[in-house]
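Scroll down for the structure; my scribbles are underneath it.
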Amino acid sequence: VRLSDWSMDTKPNGSAKEIIYIDGGHHGNEYLGTALAYLTAKWYINAWSEGNEEAISVLQNTELHILIMLNPDGNDIDTRWNINQVDLNRNYDHYWNTCPTTQPGSSAFSESETMHDAEYMNAYVTDADLYVTMHTGVWIMLYPWGKWADQPPDWELFWSIRDEVHATVSDIPIQNANQGLYPNCGTSRDYGYGHMGFPTFTFETDDELYLCEYHNRDTLHPLLKTEWLGETPGFEESDWQNCDPVHLIMYLKSHGEGEILYNNLGHCRGHWDMTNLGVKYYPNVERCSWEIPQYHELLRRGIRWALGQQS
């Protein structure tokens, strides 16, 4: 998807428009990464048509190039890899297969998905001002390098972006990918920065909330909730736009003479949690919210409540 105010070749002040490239769905089972790319495109399309001032300003000054899903086969069969059992985010031509890794492919760009992604970068976004690749795993933003713990040459730029995000948007951790996650080579992020010269970030979001239909909802005692309406592409029930926007995260339900505490956080996936999808081994345990201290505190409070202690 390519979005901009195409009636204008430049910004209103006559200077060149910023170019931003976003992609999602390198890993087929990281549904939130795909959804984030999709919802970004959807928001700008709908907001533009509604006359939203922010959307109009962004699209008058920016070209957005959004690849929603790079790995449709992996998405279809709920696996990290593509149909050839290759981890697409280890298949780019930047220090390919030089880190401890899984399934990097037979060579850099051995897979059609990564080859065409790189071709698009080299043809249409050669001078991109920002590249963001969307993933799911932990709550963090990662900048180069994945191979080295050293800061990149443009570390001051990345640190200034980090400080701006923390001051105006979120306190999400923002780190060098090697330090913030683990050594990772052949990634689209490091290819974008090391080969193309873009400022690049991996945006990892951390948990998949379960969207539920509640029976006798008025009898439930909410403890923690969130508000959301939208779509969940790739799921059998994907349209959640006309439901109650309040979704319960933790709640109590009376049962007989007692109560049951429900908590729908804690999505975690590893080899032994997977159904047989023809994959011999699922190497990377996705711990999601289990990596976050606040989730552990919710568990402790639930246990104290169950023991009759103050929670």
Where at least one partner belongs to [range], residue pairs that pass salt bridge (charged side-chain N to carboxylate O under 4.0 Å, His left out), sequence neighbours excluded:
| range | result |
| --- | --- |
| residues 31-57 | Lys42-Glu231 |
| residues 106-129 | none |
| residues 163-192 | none |

| message | Just to verify, which of Asp87, Asn82, Asn89 counts as forming a side-chain hydrogen bond (donor to acceptor under 3.5 Å, both in side chains) with His27? | response |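 So, applying the side-chain hydrogen bond (donor to acceptor under 3.5 Å, both in side chains) to His27 and each of Asp87, Asn82, Asn89, only Asp87 qualifies.
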So which pairs with a foot in [range] pass disulfide (SG to SG under 2.5 Å), sequence neighbours left out?
| range | result |
| --- | --- |
| residues 14-46 | none |
| residues 107-167 | none |
| residues 17-90 | none |
| residues 71-153 | Cys99-Cys185 |

Donor-acceptor check, side chain of [X] to backbone of [Y], threshold 3.5 angstrom: yes or no?
| X | Y | answer |
| --- | --- | --- |
| Thr126 | Asn122 | no |
| Thr98 | Tyr95 | yes |
| Asn91 | Pro104 | yes |

- Query: Looking at side-chain heavy atoms only, is the closest gap between Leu248 and Leu220 below 4.5 Å?
  - Reply: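 When only atoms from C-beta onward are counted, Leu220 and Leu248 do touch, with a gap below 4.5 Å.
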Are any non-hydrogen side-chain atoms of Leu252 and Leu223 less than 4.5 angstrom apart?
->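 The answer is yes, as the side chains (C-beta and beyond) meet within the 4.5 Å cut-off.
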Over all atoms of both residues, closest heavy-atom pair of [X] and [Y]:
| X | Y | value |
| --- | --- | --- |
| Ala47 | Ala55 | CB-CB, 3.6 Å |
| Thr34 | Met69 | CG2-CE, 3.8 Å |
| Arg217 | Val246 | NH2-O, 2.6 Å |
| Asp23 | Ser188 | OD2-OG, 4.5 Å |
| Asn52 | Trp43 | OD1-CH2, 3.7 Å |

So, Glu30 versus His135: side-chain donor-acceptor pair below 3.5 Å or not?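 Per modelled atom types, Glu30 and His135 side chains form a pair under 3.5 Å.
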What residues form a side-chain contact (heavy atoms from CB on, under 4.5 Å) with [X], not counting sequence neighbours?
| X | result |
| --- | --- |
| Ser107 | Ser110 |
| Asn216 | Asp218, Thr219 |
| Lys11 | Asn13, Ser15, Lys17, Glu18, Asn61 |
| Trp159 | Tyr143, Gln151, Trp155, Arg162 |

Quick one: pull up CE in Met250 and CG in Leu261 and give me the separation to the nearest 0.5 Å.
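Interatomic distance, Met250 CE to Leu261 CG, rounded to 0.5 Å: 4.5 Å.
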- [ ] Supply the members, apart from Phe198, of the Ile/Leu/Val/Met/Phe/Trp/Tyr cluster built from side-chain contacts under 4.5 Å; use none for a lone residue.
- [x]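 Phe198 clusters with Ile19, Tyr21, Leu67, Leu70, Leu88, Tyr92, Phe109, Met115, Tyr120, Met121, Tyr124, Val125, Tyr131, Tyr191, Met196.
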request  = Please confirm whether Trp145 and Tyr193 have ring centers closer than 6.0 angstrom.
outcome  =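 Close enough - the centres of the two rings lie under 6.0 Å apart.
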